[in-house]
Structures are given as structure tokens and as C-alpha cells.
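Nothing fancy with the numbering, it's 1 onward along the sequence.
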Amino acid sequence: MLHWVQYIKGYVTIKVWGYSTERLLNLCGNHDILVWDIVGHGGYTTMNISVQGFFALKPLLKKTGTRASVLKRYGLPFFVSKMGRRKIFVAGFACCMLFWMLMAGFIWNIKIEGNYVLTDDVLLDYLEENNVRVSMKKSRLQIEALEKSLREDFDVITWTSVQVKGTTLIIYIKENEMPDYDQNGQPEDGEHEEAQQAEGMDLIAARSGTVSYIITRSGVPQVALGDTVEKGDVLVSGAVPVYNEDTTVRKYQFVESDADIRIRYTESVSVKKDILYEEKIYSGRQKKMIMFGIRDKEWNLKLGKIPYEEYDVSGEKKQVKLLDRLYLPVFYGGKTVQEYEMVRQKHTVDEMNVMMQEEWQKIMSTLDEKGVQITQKNVTIKKNDKDWVLNARMQLEEAAVELVPTSTEPVGGEEDPLEDGAPQDNGTEESNASEADSE
């Protein structure tokens, strides 16, 4: 604290020499003149003294027969005096401070934390649509409204907090567990199931093939094991018939079909790989460039034109940051231009074998991700001087079924009298009445 007081008031380092330096120091103590950092150098002594104390030192120097000279000056008064002679520097410093103050009123960086299901790109696009973007004024940002809209427009977000630190907008979110979806992409909730059961749902074939496995839990099967079906054929109907005594259909009860069905089909795949390929060979020649930018604009500082016909440009840029969260819309960095030449190369036999094995692994991985099983396969590789061709003929099985609203229409005609509360047998009453008359 004392150091800052001394700096604000200003102090100097002086050199003292003469008849009686020790007596001078004693007189400084008697007259309350503060001196510090006293160092003897044989023929002279150096010390620090305040500006006010230095001017009060003159009668004491005359009294003790000593002399003093200023070696160095420190403190705010000397700095201000020096800056007064450098008007351009002072004006530039003032403009710089004004620029920082103006830029501190804008958002120059957006940071999103806590998101896993929703990607940064999705959230940034949403913010852009709601006029929340980099370079917007802080005063235009409505934090509570933004938090509420994020929770309302994204069901997966259960909690959110928006904060502004410096020129950085930080959005903290917490996501809920994703709801389960059925094979048609519909959420498995009670309302959806009730809607399906009310209208009835058929299971249809999603592709052509042969039924290799079928177990029905709900609905009426329309195909049997070994039947050939086409894409769109109904496999299990969601309309369960209710018969009259004469085996005619009185009505249908509509349910959601549920069954384990697998369809077997044959598919061929062909993959071609060229033996020849082009490779970049870097010559080692390169040029450096300095890059700087403001907002979306970017400039490259380079000496002359780039003398290379083919080249790659690599580098990185950084955003100017003051303190911890104070970002400015200014970027800087460097770029490297590297010359290369495209040279035609030829894969070796081992390399081609590895490439073909990788392609086959990709095919099997893709099928496995879709839940498709390979029951039989015949894989061949044809080789020639220009390319290799992988041909695979496979017998596949998968649960290629889809749920769709039932195509069965309700039975028309009169309603069931039992359901309307009508008497069960009018003929019986008539016969009883006739018997009473005869008696």
C-alpha cells in the first residue's frame, strides 16, 4: 500500500556526496523527511526520497556542506508530464480505451455447455433464428426469455441457464433422457398406443422375399412360413373378425398387430477399387503468411504472389481476448503455403488385399447395424491390371416389417341388437302369448 502511495505522489533516486552525509541523514529524520533504500558507494550515497522531500532538502544540503543530484524519477507525476509531450501516443491510448469500452458492450463469443444430444450447430442455428448471434448488443439480450424459449422449443432440455461474462455468452443446459421410439419413429407413449389400438394397425412387408420365421402375438396372420411376399403385402392384419353363428363376419375388433417376422431375400453387392491412385508429394518449399481479420472479413499479408502451381494452405487463427471472458472481434494468426506435386502411384497386392478386406468389413458392419443377418454368402474378387472388383452374393434375413393403419373397413349394416339392449328373442314372447290364448 505504501508503495502505491509513493508512486502516486512521485519520488526520485538521488546521489548525495560532500562533507557530512551522515549529518544530513540525521537532519532528515529531525525534519520528518522520509528517505529509504539508502546505499553507500564509498565516495557517495544513493537513496530514494519523495518529490516534496527533495525540495525541502535544499537548506539542509547548504547547512551540512553536501550536494545532491537526481539519478532517476518515478511515479505518476513524471509519467503524466512525459505523456504530455507525446500527444499522438496519448490520443492513441485514449482511442484504444474507448474502443475497448465500446466493444465490451457486445457479444463476441458464444459458448454452450452441457449438451450431448443437441449439437452445437443445432443450438447455434436456433439462436441465429431468434436473433441471438455474435456481434449483438448485450442490452438487446433478454436472458429470461431465451431460457424459457429453449425449454419450450426443445423437449429434451429440462433446465437451462444463460449468463454473460465479459463479452462471452455462456449457455448451460441439462438434457433429459431421450424417449424410446418404435420402428416407425413414433414415441412409445400411452397416447400413441391408444390411438393405434383404436384404429387398428397392420404389419406389412418392408421388402420382397420369403417368410423364414413368424410368431404372432396380436392380430391375424395373413401369411405362413415359406410364403413369398412382395413389398407392401399385409403380413398380420390388425382387424380381428367376430363371427355370427352362420360364420359370417359380424364386426371387427381393431388391435395393433404384434409379431416376430423375418424375411429372407437375396442381394448382390459389387465394390470396385482402382490400383492406380494419386498422391501428394510435398517438395519442401513453403511460404509463411500473416493473417488478421475483423468479424467475418479476413486479410493475408504476403510478399508477392504464390509461385506454386499446386499447394496446400494450413494454419490457425486466434481471437483477441482480454482478461478471462473479454473477447474482441479481432482475429490473428499465421498460415503456411506448402508446394506439392500430384504423382500417380500403384497399390501393391498386399495393399489391395487389405483394402478389399476393409470394404467387406464395412458391408458386414452396415448390415449388422441394420439388424440384418447373413445366412449364406459367396464372395469373389476379380483382379486385373487396372482395378480389383469385389462381388458378393448374399442371402439375408431381417425383420423387414412396418406398422401401418389397417386397410380393413368396418362391417356395414345394422348394429348388433345385443349391444343396444334389445330383447334377445322376440319370437319367444309371441309363442308364449299364443299358448295363453289357446288355453
Hey, is the main chain of [Y] close enough, under 3.5 Å, to the side chain of [X] for a donor-acceptor pair?
X	Y	answer
Ser237	Val220	no
Glu147	Val162	yes
Thr216	Ala259	no
Trp108	Met103	yes
Thr21	Trp17	no

Output all residues satisfying salt bridge (charged side-chain N to carboxylate O under 4.0 Å, His left out) with [X], sequence neighbours left out; order by chain, then residue number.
X	result
Lys231	none
Arg151	none
Arg140	none

May I ask you to test the [X]-[Y] pair for a side-chain heavy-atom distance under 4.5 Å?
X	Y	value
Arg207	Glu267	yes
Val349	Asn353	yes
Leu123	Ile173	yes
Asn391	Lys382	yes
Val223	Asp233	no
Leu235	Ile263	yes

How many angstroms lie between atom [atom1] of [X] and atom [atom2] of [Y], to the nearest 0.5 angstrom?
X	Y	atom1	atom2	result
Ile107	Ile170	CD1	CD1	10.0 Å
Gln222	Leu203	CD	CG	11.0 Å
Leu169	Leu146	CG	CG	7.0 Å
Leu150	Thr160	CG	OG1	5.0 Å
Leu102	Leu98	CG	CG	4.5 Å
Ile275	Asn384	CD1	CG	6.0 Å

Grab the two heavy atoms, one from [X] and one from [Y], that are nearest each other, plus how far apart they are.
X	Y	answer
Thr210	Gly226	CG2-O, 3.5 Å
Cys28	Leu57	SG-CD1, 3.5 Å
Leu403	Glu256	CD1-OE2, 3.4 Å
Pro221	Ile214	CB-CD1, 4.4 Å
Gln163	Ser161	NE2-OG, 3.8 Å
Leu61	Ala68	CD1-CB, 3.9 Å

Please tell me whether Asp202 and Ser257 have a donor and an acceptor in their side chains that are separated by less than 3.5 angstrom.
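Ser257 and Asp202 do not have a side-chain donor-acceptor pair below 3.5 Å.
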I would like to know whether Arg393 and Thr380 meet side-chain contact (heavy atoms from CB on, under 4.5 Å); could you show each step before the answer?
CA-CA 9 Å; Arg393 184 172 178 81; Thr380 60; over 6 Å; no
For [X], enumerate each residue passing the side-chain hydrogen bond (donor to acceptor under 3.5 Å, both in side chains) test, keeping only those at least two apart in sequence or located in another chain.
X	answer
Arg67	none
Arg264	Glu397
Tyr265	Glu398
Thr66	Thr64

Checklist entry - Take atom OH in Tyr311; do more than 12 heavy atoms of anything else shown fall under 6.0 Å from it? => result no
Quiz item: Does a sphere of radius 6.0 Å around CD1 in Ile290 hold more than 12 heavy atoms from other residues, nucleotides or ligands, not counting ones at 6.0 Å or beyond?
Solution: no
- Take Tyr332 and Val320, measure what side-chain contact (heavy atoms from CB on, under 4.5 Å) needs, and give me the verdict at the end. CA-CA 8 Å; Tyr332 68 94; Val320 176; 3.9 Å; yes
**Study point:** Any pair counted as side-chain hydrogen bond (donor to acceptor under 3.5 Å, both in side chains), so long as it reaches residues 271-282, sequence neighbours left out
**Key:**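 Every pair satisfying side-chain hydrogen bond (donor to acceptor under 3.5 Å, both in side chains) with a residue in residues 271-282: Lys272-Asp387, Lys273-Glu359, Lys280-Asp312, Tyr282-Asp312.
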Which side-chain N or O atoms in residues 46-56 pair as donor and acceptor under 3.5 Å with protein atoms at least two apart or in another chain?
from	atom 1	to	atom 2	distance (Å)
Thr46	OG1	His41	NE2	3.1
Asn48	OD1	Thr13	OG1	2.6
Asn48	ND2	Asp37	OD2	3.0
Ser50	OG	Gly53	N	3.1

Check against side-chain contact (heavy atoms from CB on, under 4.5 Å), Val132 and Tyr126: CA-CA 9 Å; Val132 178; Tyr126 174 79; over 6 Å; no
Which of Leu124, Thr168, Asp120 passes side-chain contact (heavy atoms from CB on, under 4.5 Å) with Ile110? Answer is Leu124
From Val379, Asn378, Leu367, residue fulfilling side-chain contact (heavy atoms from CB on, under 4.5 Å) relative to Met394:
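It is Leu367, the one option of Val379, Asn378, Leu367 that forms the side-chain contact (heavy atoms from CB on, under 4.5 Å) with Met394.
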Measure the acute angle between the ring planes of Tyr11 and Tyr74, then classify it against the limits of 30° and 60° as parallel, tilted or perpendicular. parallel
For Ile294, the side-chain contact (heavy atoms from CB on, under 4.5 Å) test, sequence neighbours excluded, returns Trp299
Result block: side-chain N/O donor-acceptor pairs under 3.5 angstrom for residues 335-344, not counting sequence neighbours:
from	atom 1	to	atom 2	distance (Å)
Lys335	NZ	Glu298	OE2	2.7
Thr336	OG1	Lys288	NZ	3.1
Glu339	OE1	Ser283	OG	2.8
Glu339	OE1	Arg285	NH1	3.4

Below 3.5 Å, can you tabulate the donor-acceptor pairs from side chains in residues 368-376 to any protein atom, sequence neighbours excluded?
from	atom 1	to	atom 2	distance (Å)
Thr375	OG1	Gln395	O	2.8
Thr375	OG1	Gln395	OE1	3.1

Check the pair Val313, Ile306 against side-chain contact (heavy atoms from CB on, under 4.5 Å), reporting the backbone distance first and the verdict last.
CA-CA 11 Å; Val313 180; Ile306 299 177; 5.6 Å; no
